[in-house]
Amino acid sequence: AELVSEFNAQNQRLVTNIRESALDCDYEQLRFNAHTLKGSSLNVGALRQGKIALFIENACKVEDCATINETVPALMTIAEETEAALRSLV
């Protein structure tokens with residue numbers, strides 16, 4: 001239960017950071033937060049969230065802010081679903 005709480009808290013922070021960094025097209029912060037989110041997601045088996053974080057990370061490499069901002073709402077939805085799914089396991 002503690003692992004799920006810690007993951008969900010970190011998840012919310014990272015998604016918030018990604019959303020805020022996307023508004024400013026701050027690629028360095030976006031890439032860092034997306035990379036961290038990808039790793040933590042894959043570690044708990046949240047594959048959909050990991051894939052979308054990887055997509056955002058890759059979009060940062062080519063500085064595609066429009067695509068990132070179009071993707072953030074989907075990330076937010078998937079993050080909420082991931083957190084709910086993990087809570088249901090404990």
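None of these values were measured; they are calculated from a predicted model.
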Practice problem: Indicate yes or no: at least one non-hydrogen side-chain atom of V15 is less than 4.5 angstrom from one of R19. | Solution: no
Self-check item: Pairs where residues 69-78 contributes a residue and the test side chain to side chain donor-acceptor pair (under 3.5 Å) is met, not counting sequence neighbours
Solution: none
Quiz item: According to the salt bridge (Lys or Arg N to Asp or Glu O under 4.0 Å) rule, which pairs have a member within residues 77-90, sequence neighbours left out?
Solution: R48-E81
Quiz item: Got a second to check how far I52's CD1 is from E57's CD, nearest 0.5 Å?
Solution: 13.5 Å
Quiz item: Out of curiosity, S40 OG to L14 CG, how far, rounded to the nearest 0.5 Å?
Solution: 6.0 Å
Exercise. Identify the heavy atoms of A22 and L30 that sit nearest to each other, and give their distance.
Key: N-CD2, 3.7 Å
Self-check item: Check: S88 side chain, A85 main-chain N or O, donor-acceptor pair, under 3.5 Å
Solution: yes
Quiz prompt | Interatomic spacing from CG in N43 to NZ in K38 - rounded to 0.5 Å | solution = 11.0 Å
Quiz item: Is any side-chain heavy atom of I56 less than 4.5 Å from a side-chain heavy atom of R31?
Solution: no
Quiz item: Short question: side chain of Y27, backbone of E63 - any donor-acceptor pair under 3.5 Å?
Solution: yes
Quiz item: About how many Å separate SG of C60 and CZ of F32, when rounded to the nearest 0.5 Å?
Solution: 12.5 Å
Quiz item: Does a donor on one side chain and an acceptor on the other come within less than 3.5 Å for Q49 and S41?
Solution: yes
Exercise. Quick one: pull up CD1 in I78 and CG in L37 and give me the separation to the nearest 0.5 Å.
Key: 10.0 Å
Self-check item: Derivation and outcome, side chain to side chain contact (heavy atoms under 4.5 Å, CB included), residues L89 and V4
Solution: CA-CA 9 Å; L89 297 174; V4 170; 5.8 Å; no
Exercise. Report yes if some heavy atom in the side chain of T82 is under 4.5 Å from a heavy atom in the side chain of N8; otherwise report no.
Key: no
Quiz item: Between T67 (side chain) and D64 (backbone), is there a donor-acceptor pair under 3.5 Å?
Solution: no
Practice problem: Please answer whether the main-chain N or O of F7 pairs with a side-chain N or O of N11 as donor and acceptor at a distance below 3.5 Å. | Solution: no
Self-check item: Distance, nearest 0.5 Å, that separates CG of L23 from CD of E20
Solution: 7.5 Å
